[in-house]
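Okay, so here's the structure we're looking at.
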Amino acid sequence: MIISCVHSFNNVRSLILSTFLQKAIHKEPQESKEVPPLDVPELLAYLVRQSEPFLDQLGVRKDVCDKIVESLCSSRKNQLLLPSLSSGESTLLDENANDELDLRIASVLQSTGHCYDGGFWTDLSKHHPSDRKRHVAIVTTASLPWMTGTAVNPLYRAAYLAKSEKQNVTLLVPWLCKSDQELVYPNNLTFTSPEEQENYIRNWLEERIGFKADFKISFYPGKFAKERRSIIPAGDTSQFIPSKDADIAILEEPEHLNWYHHGKRWTTKFNHVVGVVHTNYLEYIKREKNGALQAFFVKHINNLVTRAYCHKVLRLSAATQDLPKSVICNVHGVNPKFLKIGEKVAAESELGQQAFSKGAYFLGKMVWAKGYKELIDLLAKHKNDLDGFNLDVFGNGEDANEVQTTAKRLDLNLNFLKGRDHADDSLHGYKVFINPSLSDVLCTATAEALAMGKFVVCADHPSNEYFRSFPNCLTYKTSEDFVARVKEALANEPHPLTPEQIYNLSWEAATQRFMQYSELDRVLDPEKDDVKLSKTNGRSITKAVSTPNMSEMVDGGLAFAHYCLTGNELLRLCTGAIPGTRDYDKQHCKDLHLLPPQVENPIYGW
């Protein structure tokens, strides 16, 4: 942090020197056609802008910093004429104070010939694509046949990004040794080689999307954490993307991937790094013993790693933690099979045929945190109000026995059935999908039910915000509302999906949103890679993208601190890491044909 501040003040000092040089040369700036030098308020505004990350650590919010910058720049707002860098004519400044300041600094730096070559943390040897086709690497924390969101959705994302054929795509998934596969994968399914698992993944995908997806699947070593029911990377995950392909990285669950990451910094190796936040970790952790204390530490660790390792972060909904550099956007779609079912239902409705012959159901992994606690509480509280209401429940999971025992003890009308694929023919006849979960970020099953033309009864919760625009989505705020919504759904027929609604649920639309909100559409456009243009009065001025930036140096400092901490095995174990995950083990070497970590990454000294 101290080093970052020193660099920031050095950058400001260079601007001050440039300003003094300009003032020495331009005795009458008001009559000159050259760019006027920066005045003291502008220099102070620039210092505040560059110090935002440091001030944030001291508790000074960004909106306060913006107001200070706007106040300091207000003296310039009446001087709206800025000489063009390419000619003696003038152009109007952007009305926004921050953009105005950017343009002023860029113009002063360019007029004095100043060139900033990068800071203390900049990697000048970063990969630059040699041909016009870019490369996208999608890194995720799970893989089929584990039917979890971080296994399925990144797979679809890879397929639909590759479909455009504008960029090469690699999907990097964890490889588990056989002992871990037996704990994770369903129906005793295991693989003896990565090639065997890759074939399974491709066959599963092609059965659902209806086209051959041309992308590469690679594996990195992973270990399964029983207590957390999640896969933790072993070793440096970034090393499994060759440097020649290290262009754009999409980190699915960037917090999870980087909690114990001890290796190359993602933003150093890749030109553009996008994180996609899938899971509301804080909600799950708060339910554990000493949950509030654990959640406090995890919250700050998540802030650190996403800030240090990502350029942009996409949150699927506001139900996730508010992270640095993040925006909220649903960038997931549904399996095309569900959309075809919805189209069939709509066609039957137009012909006056009855599309649904069954009542209500719930589907999900049978663990308390996945909505089962809320479901049983609601039904137990309003057992008399919902007299005669029967609910079929489909799911398997660690808490299955406890959930079923509790429902039986409370004498609830729940019919428990074995878990199955949501697209299974036996589920097409249900009219109402019940989802009371409050731990989801963006429930895939809810999107699938809407795509099939069903009613969905769900909580008025940030995780369901995207679905509220669909007329078949019935939300409730109180338990009394829940009863009313269930009765309303059972008594009426769902609205047929419109073509626009069908498209909004598709992976084509999700990919388009992803390209826009992740800024990949700009990054992949070669004309916008190196410069940003700000149009003013019909002319354009180039903003210097290499302007010294304290934020980048702070991020670099955080990454270095995280690297040092994750290199200590004792600290790793104290924070919940699996023993021996700093490097991959002998079994991983054998399965993935890797050199031992001591040979792959020799350590000299510390």
Side-chain angles (χ1 to χ4, degrees), residues 127 135-146 150-151 154-155 158 168-185 189-202 215-226 230-247 249-254 256-266 268-270 273 309 562-563 566-569 572-573 577-606:
H127 164 82
H135 192 103
V136 178
I138 302 174
V139 189
T140 189
T141 57
S143 176
L144 295 178
W146 191 11
T150 49
L155 181 59
N168 295 317
V169 178
T170 296
L171 177 64
L172 186 61
V173 299
W175 168 260
L176 298 178
C177 297
K178 190 171 182 180
S179 57
D180 280 341
Q181 291 183 34
E182 292 170 349
L183 296 172
V184 178
Y185 299 152
L189 189 59
T190 59
F191 306 96
T192 57
S193 69
E195 293 78 14
E196 186 183 352
Q197 186 169 0
E198 179 180 347
N199 288 334
Y200 176 92
I201 293 170
R202 291 192 184 279
F215 65 93
K216 181 181 177 182
I217 297 179
S218 297
F219 293 83
Y220 68 85
K223 290 190 176 181
F224 182 63
K226 295 180 185 178
S230 60
I231 297 171
I232 303 298
D236 178 10
T237 310
S238 69
Q239 78 180 74
F240 295 93
I241 298 294
S243 296
K244 63 182 179 66
D245 296 332
D247 184 11
I250 300 170
L251 306 183
E252 309 278 354
E253 292 201 316
H256 184 153
L257 281 169
N258 291 301
W259 281 332
Y260 305 109
H261 177 70
H262 183 71
K264 190 81 169 179
R265 185 184 174 195
W266 295 98
T268 299
K269 183 167 184 174
F270 292 83
V273 182
Y309 296 123
H562 183 258
Y563 179 86
T566 55
N568 186 293
E569 185 66 15
R572 292 173 67 93
L573 295 177
I578 301 174
T581 51
R582 175 176 162 174
D583 292 308
Y584 46 83
D585 58 25
K586 291 181 180 179
Q587 189 60 47
H588 284 126
C589 292
K590 182 180 178 181
D591 293 345
L592 296 172
H593 309 293
L594 303 172
L595 292 172
Q598 297 83 358
V599 177
E600 187 77 35
N601 302 299
I603 299 176
Y604 302 99
W606 177 74

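This chain uses plain numbering: 1 for the first residue, then up along the sequence.
For the atom pair CZ of R265 and CG of N258, the computed distance is 11.0 Å after rounding to the nearest 0.5 Å. Atoms CD1 and OG, on I578 and S230 in that order, are 7.5 Å from each other to the nearest 0.5 Å. A distance of 13.5 Å separates CH2 of W175 from OG of S218, quoted to the nearest 0.5 Å. Annotation: the span from E252 atom CD to T141 atom OG1 amounts to 8.5 Å, rounded to 0.5 Å. Residue T192 holds its OG1 atom at 10.5 Å from CD of Q197, rounded to the nearest 0.5 Å. Atoms CD and CG, on E198 and L171 in that order, are 9.5 Å from each other to the nearest 0.5 Å.
Partners of A142 by side-chain contact (heavy atoms from CB on, under 4.5 Å), not counting sequence neighbours, listed by chain and number: W146, T148, T150, A151. In this structure P233 satisfies the side-chain contact (heavy atoms from CB on, under 4.5 Å) test together with Y220, T237, L257, sequence neighbours excluded. In this structure, T140 has no side-chain hydrogen bond (donor to acceptor under 3.5 Å, both in side chains) partners at least two apart in sequence or on a different chain. Not counting sequence neighbours, the partners of H256 by the ring-ring contact (aromatic ring centres under 6.0 Å, His included) test are W259. With sequence neighbours excluded, no residue forms a side-chain contact (heavy atoms from CB on, under 4.5 Å) with K586. Looking at residues two or more places apart in sequence or on another chain, you find a side-chain contact (heavy atoms from CB on, under 4.5 Å) between L189 and P145, F191, Y200. Evaluation of the side-chain hydrogen bond (donor to acceptor under 3.5 Å, both in side chains) rule for Q587 yields D591 as partners, not counting sequence neighbours. For H135, there are no ring-ring contact (aromatic ring centres under 6.0 Å, His included) partners at least two apart in sequence or on another chain. When the salt bridge (charged side-chain N to carboxylate O under 4.0 Å, His left out) test is applied to E253, no partner is found at least two apart in sequence or on another chain. Applying the side-chain hydrogen bond (donor to acceptor under 3.5 Å, both in side chains) rule to T581 yields the partners R572; only residues at least two apart in sequence or on another chain are considered.
For the pair K216 and D245, the salt-bridge criterion is not met [side-chain N within less than 4.0 Å of a carboxylate O].
Side-chain contact check for Y185 versus L176: some heavy-atom pair is nearer than 4.5 Å. Proximity of I241 to F270: side-chain heavy atoms (C-beta onward) are separated by under 4.5 Å at one or more points. Here the side chains of T566 and H261 are not in contact, with every heavy-atom distance at 4.5 Å or above.
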Evaluate side-chain contact (heavy atoms from CB on, under 4.5 Å) for I138 paired with F215, printing each intermediate quantity in order.
-> CA-CA 11 Å; I138 302 174; F215 65 93; over 6 Å; no

Does the pair L594 and F240 meet the rule for a side-chain contact (heavy atoms from CB on, under 4.5 Å), with working shown?
-> CA-CA 10 Å; L594 303 172; F240 295 93; 3.7 Å; yes

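In this structure, the side chain of K269 does not engage the main chain of K264 through any donor-acceptor pair within 3.5 Å.
The two residues P579 and E569 make their nearest non-hydrogen contact at CA-OE2, 3.9 Å. The nearest pair of heavy atoms linking E196 to T190 is OE2-O, 4.1 Å. Shortest non-hydrogen contact noted between C177 and D585 is SG-OD1, 4.5 Å. Across all their heavy atoms, Y584 and P596 have their closest contact at OH-C, 4.1 Å. The shortest heavy-atom contact between P174 and I231 is CB-CG2, 3.8 Å.
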